[in-house]
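Sequence lines set the chain letters: A, B, ... in the order given, protein chains first and strands last, and positions in each chain run from 1. As the structure is a computational prediction, the values presented were derived from the model and not from experiment.
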There are 2 protein chains.
Amino acid sequence: MLRLSKKADYALMAMAHLALKPGSASAREIAEKYEIPTELMAKVLQRLARHGLLTSQQGARGGYTLARTATGISVADVIQAIDGPVSVTACSTHGDRCGQFAKCNVRDPLWRISDIIVSALSKTMVSELANDVPAAVERAPIQIAAAPVRA
Amino acid sequence: MLRLSKKADYALMAMAHLALKPGSASAREIAEKYEIPTELMAKVLQRLARHGLLTSQQGARGGYTLARTATGISVADVIQAIDGPVSVTACSTHGDRCGQFAKCNVRDPLWRISDIIVSALSKTMVSELANDVPAAVERAPIQIAAAPVRA
DNA sequence: TAATCTAGGACTTGTGAGGTCGTATATGAG
DNA sequence: CTCATATACGACCTCACAAGTCCTAGATTA
Ligand code: SF4
Ligand code: SF4
């Protein structure tokens, strides 16, 4: 439960890889290194590129590069590029009202929890994935009202 | 993505309902009130009872009651009772090692995020779901190291 | 012009969530 | 006593979606 998709997982691995590696890397290269199905990795990278997180270079000797610096891309960015908006409840996105929407008694509290999660994802940058922070020493506390992140 | 299951959702609604209502309530009663499939609601409640979050009374005029006070049950308790341990990654539980486990470069950072999420869920009590806190005024900040909550 | 790469749609497969059914058992009311 | 109303629980069905495959087109370089 609350698990993120494999594609998103792959995406994060690729981003972390690109954050370290200078220059560009091809889909095949990354896929083989992490034992990810090549075609699937390609698709994931394409999506990241389409969402402006990566820049792509076509043709032989082509590949992908981070579009911004690794400190400027959050894992929330990556996840949302792959899986769409993060939503804890079925009702959170647009008018996706589940059958219980009208009578629901837990909607607001759950949205608040959702904000905490999105906030946590937004504050963790790809750079932190790459050079895995040694000990999470003194990180900024997550404040509830700190996330105006909703879609 | 990162959505919680419908069953968990139903469970939280039921818990919030029971937190308000004095005495006990039957599965059918709750199911009808929130337009939840009766048989499914029953199953969810049974599971909550088996995990010690509810006490059940069989037979006519039977039903369910909160086993503890609403301030003593967290939404993490409820979710875990229904869906098992909260895990952001496929590898988080026991030896559920996905194919990439060996070469994975994002495992640790993701677990840290997972801890933040679990922490948020553990700090929100069923009582807060019930009488939806007026404005989330001054809540304790979520600290990263604050969650020794793993399984 | 052949090899290598991205781009992207169409397709197949597998899994698990959501929901249903059937049956056994407990219990109070009439 | 027995009937209506509950919980208890396993087996089953169904269907959407995640994960993965395949195929074709177009860019780039050696
Ligand atoms: S049950 Fe309530 S919280 Fe869950 S999806 Fe429906 S409206 Fe949203
Ligand atoms: S890819 Fe890494 S983080 Fe994701 S499940 Fe596998 S081991 Fe865990």
Footprint string (nucleotides 2-15 of chain D, 5' to 3'): B base within contact, S backbone only, - free, heavy atoms under 4.0 Å: ---BSBBBBB----
Ion pair A:Glu29/A:Lys21, N-O distance below 4.0 Å: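 Looking at A:Lys21 together with A:Glu29, the answer is yes, because their closest N to O distance falls below 4.0 Å.
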Side chain A:Arg28, main chain A:Thr38, donor-acceptor under 3.5 Å: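 Judged by distance alone, no pair lies under 3.5 Å.
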Output the rounded distance in Å from [atom1] ([X]) to [atom2] ([N]).
X       : N      : atom1 : atom2 : result
A:Met1  : C:dT15 : CE    : C1'   : 14 Å
A:Glu29 : C:dT4  : CD    : P     : 14 Å
A:Arg47 : C:dG8  : CZ    : P     : 11 Å
B:Leu2  : C:dA17 : CG    : C1'   : 16 Å
A:Arg3  : C:dA17 : CZ    : C1'   : 13 Å
A:Glu35 : D:dG20 : CD    : P     : 13 Å

Below 4.5 Å, heavy atoms only, C-beta onward: do [X] and [Y] meet side chain to side chain?
X        : Y       : value
A:Leu54  : A:Met15 : yes
A:Val126 : A:Leu53 : no
B:Val88  : A:Leu2  : no
A:Gln57  : A:Ser24 : no
A:Arg68  : A:Asp77 : yes

A:Leu110 reachable from B:Ile30 in the ILVMFWY side-chain graph, under 4.5 Å edges: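 Both belong to a single hydrophobic cluster.
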Qualifying salt bridge (Lys or Arg N to Asp or Glu O under 4.0 Å) pairs, either residue in residues 7-20 of chain B, two or more places apart: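 Passing the test, one end in residues 7-20 of chain B: no pairs.
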Pairs involving residues 50-63 of chain B, ordered by first then second residue, that meet salt bridge (Lys or Arg N to Asp or Glu O under 4.0 Å) (sequence neighbours left out):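 Applying salt bridge (Lys or Arg N to Asp or Glu O under 4.0 Å) to every pair that reaches into residues 50-63 of chain B, excluding sequence neighbours, yields nothing.
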Base-pairing string, 5' to 3', of DNA chain C - Watson-Crick or wobble, under 3.5 Å, | interstrand: ||||.|||||||||||||||||||.|||||
ring-ring contact (aromatic ring centres under 6.0 Å, His included) pairs, two or more places apart, involving residues 12-65 of chain A: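 Those involving residues 12-65 of chain A are A:His17-A:Tyr34.
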Proximity to DNA chain D (any heavy atom under 4.0 Å), residues of residues 5-20 of chain B only: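 None - not one residue of the stretch has a heavy atom sitting under 4.0 Å from the strand.
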